[in-house]
Participant: 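Starting off with a structure, shown below.
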Number of protein chains: 2
Amino acid sequence: MKNLVFDYKRCGSCPIRHRAVCARCDKGELRRLEEIKYYRSYEAGQPVMWAGDEMDFVASVVSGIATLSQTMEDGRTQMVGLLLPSDFLGRPGRIIAPYDVTANSDLMLCCFRRKPFERLIVDTPHIGQRLLEMTLNELDAAREWMLILGRKTAREKIASLLTIIAQREASLKQTAPGDGSSFELPLTRESMADYLGLTLETVSRQISSLKRDQIISLEGKRKVVVPDFDALIAETGDDADGGMLV
Amino acid sequence: MKNLVFDYKRCGSCPIRHRAVCARCDKGELRRLEEIKYYRSYEAGQPVMWAGDEMDFVASVVSGIATLSQTMEDGRTQMVGLLLPSDFLGRPGRIIAPYDVTANSDLMLCCFRRKPFERLIVDTPHIGQRLLEMTLNELDAAREWMLILGRKTAREKIASLLTIIAQREASLKQTAPGDGSSFELPLTRESMADYLGLTLETVSRQISSLKRDQIISLEGKRKVVVPDFDALIAETGDDADGGMLV
DNA sequence: CGGTCCAGTTGATCCTGATCAAAGCGGCGG
DNA sequence: CCGCCGCTTTGATCAGGATCAACTGGACCG
């Protein structure tokens, strides 16, 4: 989750400053990337792929939000991944999508055709290493998320989610979230509920409660203002320095 | 989680048939592995490392059970990883342990010193690729686990855990779990509770309930017999073929 | 044999978050 | 302007699992 400072000079030819593949790529590698690259856009709510579909590309999120989720037969759903701009989607070496992927807002993907991308990984070990690093980061985030799902109260869950989003939005702008910081909530109440293993009513109530206790305030429905960031972190149940800063 | 058929012939010089590094290693690579390898054993209950410790090795589980877990300040704990024999522990490229690691039964690790192991990865791309594949498997397991934690009832959680353990034990023996199969439960009620985000009382009650409904029976405290495996799977809430078979 | 310890079981009660229901609030098209 | 729709908020009630507490049974030991 730690922010990667993109190497703009060296990555000039890659329009999205792709986290996985640009920072250390030479001219030839960038040319090969350009050759297998194309863009796709999706409207809010549109499915990108269903679990079980064949994946013919891997991709990087240029703008918008995508979610990974699992659904049970009776309709219960759990979000298992949240992809913000610069996040990576797809798994080299896997052909079948393991989860439903949905555009949660208007979404632009920078896609790379899977087969030649896999060849590129084999030829270019540092790309493989970067993918391993990113996958380990995702694994850490997933395990942090497991603690949230398994052991936190509804209020702590909401505070944790707000903290995570604030930190990720800040890291995209290369800053740290501080007092008075504000950010757009890119999720509906229902998506937040699917993220946290709650119902949308409980999400709404807990947000109202945090508002009542002056931990946050809302401008409109979606913009969140955090007057005292440490106060928000205190509500997550984590100790001040550990946990969420992965 | 799919079982890897070890290449015994080529890995003869690696006593543990290490999943990560043996299957495609040549003589020179195996020699380098031997040079940086050593064994460590731990008693049941003994900590292997704490979150925040410096890790000077990566390792493979030879025998016994290890768990990864996170603990909140007030003592609530969530298990985030369960390592059975042949599973891999550690993260090339990371120096600080992200979670507590505990020996949950007598445990034997085959360790590799971290620094030279990382060098070996750089020199030997197929090891890096194998690590990426294993990490993706762990990520899939973590996300399956998130669905369990976030959306399943206590009874479904227990059934899911039993299914997972049955499948992993079976895969170590290169078989598939079937009707009448039985296995050792390697976890106490409390560990099961930490795995599933429940209390140990609830775990005990749900196991009793499954016993009462003839879904399982127990021999002693730890040996579980499953007369009808499909009936157990039906209790997990997953559809028959998807989900758990990752 | 009795005593202690520990993992597990079972019971009674409580509380958090789910469920069911209704109403508020923009935004948008006619 | 109205009516409709999607999203959100709030209220009333319910229930699943947590909590607190007592008890069982086996292993170990003097």
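The chains referred to below are lettered A, B, ... by the order of the sequence lines, with proteins before strands, and numbering in each begins at 1.
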Participant: If you go through the side-chain atoms of B/E190, does one of them form a donor-acceptor pair with the base of C/dC6 closer than 3.5 Å?
Facilitator: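 In this structure, the two groups form no donor-acceptor pair.
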
Participant: Just one of A/D228, A/V225, A/I207 clears the side-chain contact (heavy atoms from CB on, under 4.5 Å) bar with A/I216, so which one?
Facilitator: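 Single side-chain contact (heavy atoms from CB on, under 4.5 Å) partner of A/I216 among A/D228, A/V225, A/I207: A/I207.
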
Participant: Just how far, in rounded Å, is P of C/dA18 from CZ of A/R76?
Facilitator: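 Distance check: A/R76 CZ to C/dA18 P gives 13 Å.
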
Participant: Closest to the B/T188 side chain: D/dG17, C/dA21, C/dG8?
Facilitator: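 Among D/dG17, C/dA21, C/dG8, the one nearest the side chain of B/T188 is C/dG8.
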
Participant: Is the phosphate of C/dT16 approached by A/T153 (side-chain N or O, under 4.0 Å from OP1 or OP2)?
Facilitator: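 No, no such contact exists.
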
Participant: Contact class for B/G197 vs. all strands (heavy atom < 4.0 Å): base, sugar-phosphate, or nothing?
Facilitator: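 Contact class for B/G197: sugar-phosphate only.
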
Participant: Please tell me which of the listed nucleotides, D/dG17, D/dT9, C/dT9, lies nearest to the side chain of B/S204?
Facilitator: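 The answer is C/dT9, which lies nearest to the side chain.
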
Participant: Within less than 4.0 Å of OP1 or OP2 of D/dG17, is there a side-chain N or O belonging to B/T199?
Facilitator: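 Result: no.
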
Participant: Does B/T135 reach the side chain of B/R91, with side-chain heavy atoms less than 4.5 Å apart?
Facilitator: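 No, side chains not in contact.
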
Participant: Checking contacts here: which listed nucleotide (D/dT19, C/dC20, D/dT9) is nearest the side-chain heavy atoms of A/L200?
Facilitator: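 Taking heavy atoms from C-beta onward, the closest nucleotide is D/dT9.
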
Participant: Looking only at side-chain atoms of B/K221, point me to the closest of C/dG8, D/dT9, D/dG17.
Facilitator: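 Minimum distance to the B/K221 side chain belongs to C/dG8.
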
Participant: Side chain of B/Q206, heavy atoms from C-beta onward: which of D/dT19, D/dG17, D/dT10 has the nearest atom to it?
Facilitator: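 From the listed options, D/dG17 comes nearest.
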
Participant: Specify the residue among A/R205 and A/R222 whose closest nucleotide of DNA chain D lies further upstream toward the 5′ end.
Facilitator: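 Its nucleotide being nearer the 5' end, the pick is A/R222.
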
Participant: Report the distance from atom CZ of B/R212 to atom C1' of C/dT9, rounded to the nearest whole Å.
Facilitator: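 Going from CZ in B/R212 over to C1' in C/dT9 covers 11 Å.
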
Participant: To the nearest angstrom, how far is A/I158 atom CD1 from D/dT9 atom C1'?
Facilitator: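 Those two atoms, CD1 and C1', are 14 Å apart.
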
Participant: Taking the side chain as every heavy atom from C-beta outward, state whether B/I164 and B/Y195 have any atom pair closer than 4.5 Å.
Facilitator: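 Answer yes - side chains close enough.
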
Participant: If I take atom CZ in residue A/R151 and atom C1' in nucleotide C/dT16, what distance separates them, rounded to the nearest angstrom?
Facilitator: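 Interatomic distance, CZ of A/R151 to C1' of C/dT16: 15 Å.
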
Participant: Applying side-chain hydrogen bond (donor to acceptor under 3.5 Å, both in side chains) between B/S160 and each of B/K152, B/R155, B/E235, report the one that passes.
Facilitator: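 With B/S160 as partner, side-chain hydrogen bond (donor to acceptor under 3.5 Å, both in side chains) holds for just one option, B/K152.
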
Participant: Take the protein atom CG of B/D74 and the nucleotide atom P of D/dT19, then report the distance between them rounded to whole Å.
Facilitator: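 Distance, rounded to whole Å: 10 Å.
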
Participant: Which part of the nucleic acid, if any, lies within reach of A/G45 when heavy atoms closer than 4.0 Å are counted: base, sugar-phosphate only, or nothing?
Facilitator: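 Here A/G45 touches no strand at all.
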
Participant: Rounded to the nearest angstrom, tell me the gap between atom CZ in A/R155 and atom C1' in C/dA18.
Facilitator: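 So the two atoms are 19 Å apart, to the nearest Å.
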
Participant: With heavy-atom distances below 4.5 Å as the criterion, would you say the side chains of B/M55 and B/I96 are in contact?
Facilitator: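 No, side chains not in contact.
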
Participant: Name the residue closer to the 5' end of DNA chain C, choosing between A/T202 and B/L187 according to the nucleotide with the nearest heavy atom.
Facilitator: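 Here B/L187 is the residue nearer the 5' end.
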
Participant: At under 4.0 Å between heavy atoms, what does A/L198 touch on the DNA or RNA strands: base, sugar-phosphate, or nothing?
Facilitator: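 Counting heavy atoms under 4.0 Å across all strands, the contact made by A/L198 is with sugar-phosphate only.
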
Participant: Tell me: CD1 of A/I207 to P of D/dC7, nearest whole Å?
Facilitator: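 Rounded to the whole Å, the gap is 15 Å.
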
Participant: I'd like to check B/P186 versus B/I165 (side-chain heavy atoms, cut-off strictly below 4.5 Å). Are they in contact?
Facilitator: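 Of all side-chain heavy-atom pairs linking B/I165 with B/P186, at least one is under 4.5 Å.
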
Participant: Rounded to the Å, how far apart are A/E201 CD and D/dG11 P?
Facilitator: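 In whole Å, D/dG11 P lies 14 Å from A/E201 CD.
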
